[in-house]
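Each remark here refers to the structure printed beneath this line.
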Number of protein chains: 2
Amino acid sequence: MNQKEAQELADLLKALGEYNRLSLVYELCQCKAPKNAMCLCDCCSVDASGVSRHLKVLSQEGVVKSERKGREIQYSLNRTEVAKRLRQLADIIETTP
Amino acid sequence: MNQKEAQELADLLKALGEYNRLSLVYELCQCKAPKNAMCLCDCCSVDASGVSRHLKVLSQEGVVKSERKGREIQYSLNRTEVAKRLRQLADIIETTP
DNA sequence: ACTATATTTGCATATTTGTGCAAATATATC
DNA sequence: GATATATTTGCACAAATATGCAAATATAGT
């Protein structure tokens with residue numbers, strides 16, 4: 001694992017490692033259909049601008065993807081991608097040299 | 001997942017989501033035998049006090065365990081425990097409701 | 001064009017966090 | 001007890017971060 005990869009992984013973990021952002025992720029976990037930001041406001045104790053910023057972080061780290069549908073922007077999880085990266089780390093940690 | 005569990009998971013991810021701490025974890029990954037803090041100083045660009053603080057965070061979150069051996073304190077990873085928690089999150093994220 | 005709704009952004013601010021240095025503590029050896 | 005080595009802690013500080021509010025922007029419907 002080189003420095004760039006380590007930094008990217010650290011950034012992913014940092015994105016997930018904030019309580020309100022993790023709450024957003026959980027909320028999206030439980031949705032079959034994508035949700036817009038207004039809807040996601042209800043599940044965490046920050047206002048719309050805060051949710052917007054959190055979603056931006058999650059988006060930059062590839063945790064969520066977004067698609068504009070008219071006035072709304074619908075967010076959904078990159079489920080397999082994120083799960084894959086977490087399992088890769090789990091594998092690294094678990095493997096004794 | 002209740003609030004307390006979510007907070008604990010966020011804390012774990014936050015602990016892992018800092019570059020120098022993740023570097024320490026990688027270093028310990030590659031060790032068959034435990035290492036002391038002085039030795040771990042070499043793999044990350046912080047001084048002994050910084051490494052001590054990082055190891056304290058990792059220890060509080062259950063990422064590493066420590067055992068004093070004379071003057072030194074030897075650190076090693078809680079491999080299976082950490083891997084398990086990461087995989088649990090991966091499973092939650094990947095499972096469509 | 002006007003209005004309503006959804007999202008982003010600029011600004012200010014309080015809090016957290018990572019860091020180094022020096023001092024304190026712990027343990028071993030002489 | 002004195003000295004050496006390993007680790008922790010108090011202090012100060014700079015940088016990052018999360019947050020709310022108000023204004024700006026985007027889009028849709030009338």
Side-chain angles (χ1 to χ4, degrees), chain A residues 3 6-28 31 33-77, chain B residues 3 6-28 31 33-77:
Chain A
Q3 182 170 342
Q7 184 65 63
E8 287 174 353
L9 182 52
D11 288 341
L12 170 66
L13 295 168
K14 186 172 292 188
L16 293 172
E18 200 277 330
Y19 181 76
N20 286 317
R21 276 198 296 271
L22 190 57
S23 300
L24 289 171
V25 171
Y26 279 143
E27 184 65 25
L28 286 170
C31 300
K35 272 194 175 176
N36 64 32
M38 288 298 98
C39 192
L40 290 167
C41 273
D42 300 335
C43 83
C44 84
S45 57
V46 289
D47 77 341
S49 72
V51 170
S52 173
R53 276 180 251 256
H54 281 316
L55 287 170
K56 186 179 180 184
V57 172
L58 293 172
S59 179
Q60 283 171 338
E61 296 308 321
V63 177
V64 303
K65 51 176 174 286
S66 59
E67 188 184 1
R68 183 173 276 276
K69 278 284 170 59
R71 269 187 297 221
E72 304 175 359
I73 297 179
Q74 299 192 318
Y75 291 91
S76 57
L77 281 180
Chain B
Q3 183 169 340
Q7 184 65 63
E8 286 174 356
L9 182 52
D11 288 340
L12 170 66
L13 295 168
K14 188 173 290 188
L16 294 172
E18 200 275 332
Y19 182 76
N20 285 317
R21 275 197 297 268
L22 190 58
S23 301
L24 290 171
V25 171
Y26 280 143
E27 185 66 24
L28 286 171
C31 300
K35 272 193 174 176
N36 65 32
M38 288 297 97
C39 192
L40 289 167
C41 272
D42 300 335
C43 84
C44 85
S45 57
V46 289
D47 77 340
S49 71
V51 169
S52 173
R53 277 181 249 257
H54 282 316
L55 288 170
K56 186 179 181 184
V57 172
L58 293 172
S59 180
Q60 283 170 338
E61 296 309 319
V63 177
V64 303
K65 53 177 173 283
S66 59
E67 190 183 1
R68 183 173 277 275
K69 278 285 170 59
R71 269 187 298 224
E72 304 176 0
I73 296 179
Q74 297 190 318
Y75 291 91
S76 56
L77 281 180

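We name chains A, B, ... by the order of the sequence lines, and we start the count at 1 in each one. Computed over heavy atoms, backbone and side chain alike; hydrogens, waters and symmetry mates excluded. Just so we're clear, the structure is a prediction, and the values are computed from it rather than from any experiment.
- Listed candidates were D:dT8, C:dT17, C:dT7. Nearest to the side chain of A:N36 is C:dT7.
- For A:L55 and C:dT8, the CG to P distance is 7 Å, given to the nearest whole Å.
- For the pair B:K56 and A:V46, both in contact range of DNA chain D, the more 5′-proximal nearest nucleotide belongs to B:K56.
- The shortest heavy-atom contact between A:V51 and A:C41 is CG2-SG, 3.7 Å.
- If you take CD of B:E72 and P of C:dA28, they are 11 Å apart, rounded to a whole angstrom.
- Distance, A:E61 CD to D:dT17 P: 11 Å, rounded to whole Å.
- Scored by the salt bridge (Lys or Arg N to Asp or Glu O under 4.0 Å) test, B:K35 finds B:E27 as partners (sequence neighbours excluded).
- Counting non-hydrogen atoms under 4.0 angstrom, A:S45 reaches the backbone sugars and phosphates but no base.
- As rounded to whole Å, 17 Å separates atom C1' of C:dT17 from atom CG of B:L13.
- Between the P atom of D:dT17 and the OH atom of B:Y19 lies a distance of 16 Å, rounded to the nearest Å.
- In this structure, the CD atom of A:Q60 is 15 Å from the P atom of D:dA16, given to the nearest Å.
- Minimum atom distance to the side chain of A:E18 is reached by D:dT19, of the listed C:dC21, D:dT19, D:dC21.
- At a threshold of 4.0 angstrom between heavy atoms, the contacts of A:G70 are confined to the sugar-phosphate backbone, with no base atom among them.
- Picking from D:dA18, D:dG20, C:dT8 the nucleotide with the shortest atom distance to the side chain of A:A48 gives C:dT8.
- Between the C1' atom of D:dA26 and the NZ atom of A:K69 lies a distance of 17 Å, rounded to the nearest Å.
- Using a 4.0 Å heavy-atom criterion, one finds that B:Y75 contacts the sugar-phosphate atoms exclusively.
- Note on A:S52: a side-chain N or O is less than 4.0 Å away from OP1 or OP2 of C:dT8.
- D:dA6 atom P lies 18 Å from atom CD of B:E67, rounded to whole Å.
- Of all non-hydrogen atoms in A:V57 and A:A15, the two that sit nearest each other are CG1-CB, 3.8 Å.
- With C:dT7, D:dT19, D:dG20 as the choices, the nucleotide that has an atom nearest any side-chain atom of A:D47 turns out to be D:dG20.
- Of the candidate nucleotides C:dT19, D:dT9, D:dA28, D:dA28 has the atom lying nearest to any side-chain atom of A:R71.
- Among the heavy atoms of the strands lying under 4.0 Å from A:R53 is at least one base atom, whether or not backbone atoms are also near.
- Comparing A:K14 and A:R68 along DNA chain C, the residue whose closest nucleotide (by nearest heavy atom) sits nearer the 5' end is A:R68.
- Comparing A:V57 and B:I73 by the nucleotide of DNA chain D whose heavy atom lies nearest to each, the residue mapping closer to the 5' end is B:I73.
- Nearest heavy atoms, B:R68 versus B:R71: NH1-O, 3.3 Å.
- Distance from the side chain of B:S49 is smallest for C:dA22 among the nucleotides C:dT19, D:dA18, C:dA22.
- Regarding contacts with the backbone of D:dT19, a side-chain N or O of A:H54 is found under 4.0 angstrom from either OP1 or OP2.
- Under the 3.5 Å distance criterion, the side-chain polar atoms of B:K65 are left unmatched by any main-chain donor or acceptor of B:S59.
- No donor-acceptor pair under 3.5 Å is formed between the side chain of A:S52 and the backbone N or O of A:A48.
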